[in-house]
Amino acid sequence: MAAASPRKNNVSAAAVVVLLVIAAAEMVPVALSEDGCSCRHLSSDYYGVCLNSNGCDQTCKSESGGGSKNYRGSCDDFPPRCYCYSQCASP
């Protein structure tokens, strides 16, 4: 049985690294702001690739009616998706 070529090993390793970076980006739901804690979550109403942060911002603010009190939205990650930001609940 022939061993895998070094080139195939490099491509496989690069693919694993890319998947790990994407997975790590998904696992960071909270970001801190200057005024305390800011919680980040995917918009439930914005669909598709997020190319317009203004549209994302408006969508997040309009979906605040459910009590989440989103104060802004922005396109983040790769591929870009619409994330909404709201104040974290106090413990």
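Small disclaimer: the values here were computed from a predicted structure and weren't measured.
With sequence neighbours left out, Asp76 forms a side chain to side chain donor-acceptor pair (under 3.5 Å) with Ser74, Tyr85.
Side-chain atoms of Glu63 and Ser43 form a donor-acceptor pair, as typed in the model, at a separation below 3.5 Å.
With rounding to the nearest 0.5 Å, the separation of NE2 in His41 from SG in Cys84 is 5.0 Å. Atom CZ of residue Arg40 and atom CG of residue Asn70 lie 13.0 Å apart, to the nearest 0.5 angstrom.
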### Message
Walk me through whether Cys60 and Cys82 qualify under disulfide bond (SG atoms under 2.5 Å apart).
### Response
CA-CA 8 Å; Cys60 286; Cys82 180; 3.8 Å; no
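Scanning both residues, Arg72 and Asp57, for their nearest heavy atoms gives CA-OD1, 3.1 Å. When all heavy atoms are compared, the tightest approach of Leu51 to Tyr46 is N-OH, 4.0 Å. Of all the heavy atoms in Asn52 and Asn54, the pair that sits closest is OD1-N, 3.0 Å.
Cysteines Cys75 and Cys56 have SG atoms no closer than 2.5 angstrom.
Two residues are said to be in side-chain contact when any heavy atoms from C-beta on lie closer than 4.5 Å; Ser38 and Tyr71 meet this criterion.
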